[in-house]
Number of protein chains: 2
Amino acid sequence: MENALPACKGRPREFCTDQALASALRVFWSKGYEGASMADLTEAMGITKPSLYAAFGNKEALFHKALDLYEAEKLAYIREALDQPTARGVAEHLLRGALKAMTSQWEPKGCLGVIHSVACGAEAESIKAEVVARRASSQAAIVGRFQRAVDEGDLPANIDPAGLANLIFAVLQGMGVQAGSGVPSEQLQSMVDAALALWPSR
Amino acid sequence: MENALPACKGRPREFCTDQALASALRVFWSKGYEGASMADLTEAMGITKPSLYAAFGNKEALFHKALDLYEAEKLAYIREALDQPTARGVAEHLLRGALKAMTSQWEPKGCLGVIHSVACGAEAESIKAEVVARRASSQAAIVGRFQRAVDEGDLPANIDPAGLANLIFAVLQGMGVQAGSGVPSEQLQSMVDAALALWPSR
DNA sequence: AAAATTCTATACCGAGCGTTATGGAAAATG
DNA sequence: CATTTTCCATAACGCTCGGTATAGAATTTT
């Protein structure tokens, strides 16, 4: 049933689904799931409502595909951070990667995950749960990475890996809140510098 | 025109406006401005819609009064923090006060300000602007307090007061995001401990 | 060329939103 | 006790929402 083969009968689609999905992502990213109306989405995507429903199912399915795209393209820095050789490198890559992702000139400011982690209407309940679950898995990976750093002596033995991972995620989320509410990127830059200056050395 | 004198003609109001406002605050706090429908509000407040409009004006005016109440009652720890003798005391009071305020057993989890700082629909645009402005003024006060600490030698001279204030506010906001999305308070407690362990000593 | 299939576009649907008008009951004033 | 004022309750208004049915245009395969 999936459009596995583009060589199908009938009139072919007149728009690029990937491009339309990218446009939808930008709408969700800047307005949130509930704040993004179907009219907003179709206008940004350049298609009509029936085309959207035929191509993506419904609003929630469209959001899920946009979320996958976001995680694959905009959250790559989290996966890269896990590969850094030192715990400080992990933290630095997380902070600087998040800063870049949240303050791009061509993309909406802020973080799609943060927007949907805070409570809104009842219709977005399952979406919030999904976003929160994805963040929890990322956070668990960071906890494991910091635990390894403690075991290897890369981090002082007296620090709590879970607490530290929780803290750095809180900083990332706070950065998302601030970036999404108009705080200029220079201010966020100084925040990142302050955070790295405080990082437990040696 | 204000109900300055309770000794007025006609039938008196049958409900307590303060109590109703407190109930409305809890609804806004847990569902957000847009997520809180008039039906949600009137049910929680125990009054009907015309009574609400007669007593508070409209939904936005009700929110503003609830926001004032929130700031006066639940954000007292921020004003108290400014009076702490040391910068570390300020930070500790902020972090522990926020943790207590955001994880109370009898109140909604999370932070009313954070909820409305992230983008949602267009109707909440002015509300977001108001909340963001109030936070900015609090943040500016913390910057000034940290600057004083640097001048007094309470903080190392090489640190940036604005960056540090921005960082601690990001932690508070991240705490709000996490508390509002189900992270248990013990985990947030360990995050606070980790943050204070990293605080620039001496 | 003809038939079949899938596209796009317009209009509509039921539901929920914030808000307000209408009516009747209740309490204070004179 | 009568009047007046303000309350409460029901219902309706205009609007937007997500989602869909219908119909016509366009491009494929047979």
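Throughout, protein chains are lettered first and strands after them, A, B, ... in sequence-line order, and every chain is numbered starting at 1.
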Validate the cation-pi geometry between R13(A) and F15(A): distance from NZ or CZ to the six-membered ring centre under 6.0 Å, angle to the ring axis within 45°. yes
When rounded to whole Å, the CE to P distance for the pair M38(B) and dA9(D) reads 15 Å
Checking only heavy atoms, does the side chain of K49(B) share a donor-acceptor pair with the base of dT20(C) at less than 3.5 Å? no
What nucleotide among dA21(D), dC8(D), dG18(C) has an atom nearest to a side-chain atom of F15(B)? dC8(D)
From CD of E123(B) across to P of dC17(C) the rounded distance in Å is 11 Å
Minimum-distance nucleotide to T48(A) side chain [options: dT8(C), dG18(C), dC17(D)]: dT8(C)
Tell me what A55(B) touches on the nucleic acid: a base, only sugar-phosphate, or nothing, going by heavy atoms under 4.0 Å. nothing
Rounded interatomic separation in angstrom, taking CZ from F56(A) and C1' from dT20(D): 18 Å
Heavy atoms under 4.0 Å, any strand shown: does A36(B) hit a base, just sugar-phosphate, or nothing? sugar-phosphate
Nucleotide dT10(D), atom C1' - distance to CD1 of I47(B) in whole Å: 16 Å
Counting side-chain heavy atoms from CB outward, which of dT19(C), dC7(D), dG19(D) is closest to N58(A)? dG19(D)
Gap between atoms CG and C1', on L62(A) and dG19(D) respectively (whole Å): 14 Å
Starting the side chain at C-beta, find the nucleotide from dA21(C), dT20(D), dC17(C) nearest to S37(B). dC17(C)
Exercise: identify the closest heavy-atom pair between L95(B) and M175(B): O-CE, 3.9 Å
Counting just side-chain N and O atoms, does S51(A) come under 4.0 Å of either OP1 or OP2 of dT8(C)? yes
Euclidean distance, atom NZ of residue K31(B) to atom P of dG18(C) [Å, nearest integer]: 11 Å
Name the residue closer to the 5' end of DNA chain C, choosing between A54(A) and E34(B) according to the nucleotide with the nearest heavy atom. A54(A)
Let me know the distance between CG of L41(B) and C1' of dG16(C), rounded to the nearest Å. 15 Å
When you measure from the centre of the six-membered ring of F56(B), is the NZ or CZ of K65(B) under 6.0 Å away and within 45° of the axis? no
Whole-Å distance between dT20(C) P and L52(B) CG? 12 Å
Y53(B) has its side chain closest, among dG19(D), dT8(C), dG18(C), to dG18(C)
Nearest to the side chain of K59(A), heavy atoms from C-beta on, is which of dG19(D), dT10(C), dT19(C)? dG19(D)
Cation-pi between K100(B) and Y77(B): NZ/CZ under 6.0 Å from ring centre and within 45° of the ring axis? no
Salt-bridge present (R26(A), D40(A); N to O < 4.0 Å): no
Could you say whether E14(B) or A39(B) is positioned toward the 5' end of DNA chain C, judged by the nucleotide with the nearest heavy atom to each? A39(B)
